Amino acid sequence: MLDPELLERITTRRAELDELEEQLAKQLAEVRAERDELAVAERVLERITGQLAEERASTGPVPGQVAGRTVMLIPHREPGMEEGALPWDYQRIIAAVRQAAGPVMAREVGEVVGVDVSVKSKLEPLRGKLVRLVDRGWLRKLPDGRFTTRL
């Protein structure tokens, strides 16, 4: 005959091990899901890094696709790169900033390039272009929000 106390200890331990197995299975599933997410993130990062490297390597604007429309990408400024590598409207913006007596606000640039500065919705795209030129190294943005040429 089996000892009831021993059977109870075995049953208790089996329940503990079943619970531990359940916890470990859940943890393993979470680890696998996170590993899969990291693999996807790594592939996306590699693709974006490759695209950025290609964009920087080109000397002229490279057409790209955004929402099915062809757009011109603004290249990063590199030593020896001329403003002619930029689309015409960006060249006009840089010329307007360069012609100013000092740092200028987006509104002042808009007045020079012919944007209706009284309408905010028409000024914001210009501000976006100015910021893009800053991000790519063509212009500099001062802490007070004014723009100036890098030179």
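Note that the coordinates shown come from a computational prediction; the quantities given were computed from them, not determined experimentally.
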Output the distance between atom [atom1] ([X]) and atom [atom2] ([Y]), rounded to the nearest 0.5 Å.
X	Y	atom1	atom2	answer
Leu133	Leu86	CG	CG	6.5 Å
Trp138	His76	CH2	NE2	11.0 Å
Arg32	Glu37	CZ	CD	15.0 Å
Ile93	Leu130	CD1	CG	5.5 Å
Glu42	Arg35	CD	CZ	12.5 Å
Leu52	Arg47	CG	CZ	12.0 Å

Side chains of Arg107 and Glu111 in contact at under 4.5 Å (non-hydrogen atoms): yes

Is the shortest heavy-atom distance from the side chain of Thr149 to the side chain of Leu139 under 4.5 Å? yes

Quick one: which of Lys129, Arg132, Glu83 gives a side-chain hydrogen bond (donor to acceptor under 3.5 Å, both in side chains) with Tyr90? Arg132

Are there over 12 heavy-atom neighbours, none belonging to Glu22, within less than 6.0 Å of that residue's CD? no

Got more than 12 heavy atoms from elsewhere within 6.0 Å of CD, Glu5? no

Please set out all donor-acceptor pairs under 3.5 angstrom arising from side-chain atoms of residues 112-123, sequence neighbours excluded.
residue, atom, partner, partner atom, Å
Asp116, OD1, Ser118, N, 3.3
Asp116, OD1, Ser118, OG, 2.6

As a quick check of understanding, evaluate side chain to side chain contact (heavy atoms under 4.5 Å, CB included) for Asp36 and Val40, giving each step before the final call. CA-CA 6 Å; Asp36 292 344; Val40 169; 5.8 Å; no

Applying side-chain hydrogen bond (donor to acceptor under 3.5 Å, both in side chains) to Glu108 and not counting sequence neighbours gives none

Check: residues 6-21 side-chain donor-acceptor pairs under 3.5 Å, at least two apart:
residue, atom, partner, partner atom, Å
Thr11, OG1, Leu7, O, 2.8
Thr12, OG1, Glu8, O, 2.8
Arg13, NH1, Glu16, OE1, 3.1

Minimum-distance pair of heavy atoms, taken over all atoms of [X] and [Y]:
X	Y	value
Ala106	Arg127	CB-NH1, 3.4 Å
Ile74	Arg136	O-NE, 2.9 Å
Gly145	Lys141	CA-CE, 3.8 Å

Can you list the steps and then say if Arg43 with Glu46 is a salt bridge (charged side-chain N to carboxylate O under 4.0 Å, His left out)? CA-CA 5 Å; Arg43 285 193 304 269; Glu46 287 173 357; over 6 Å; no

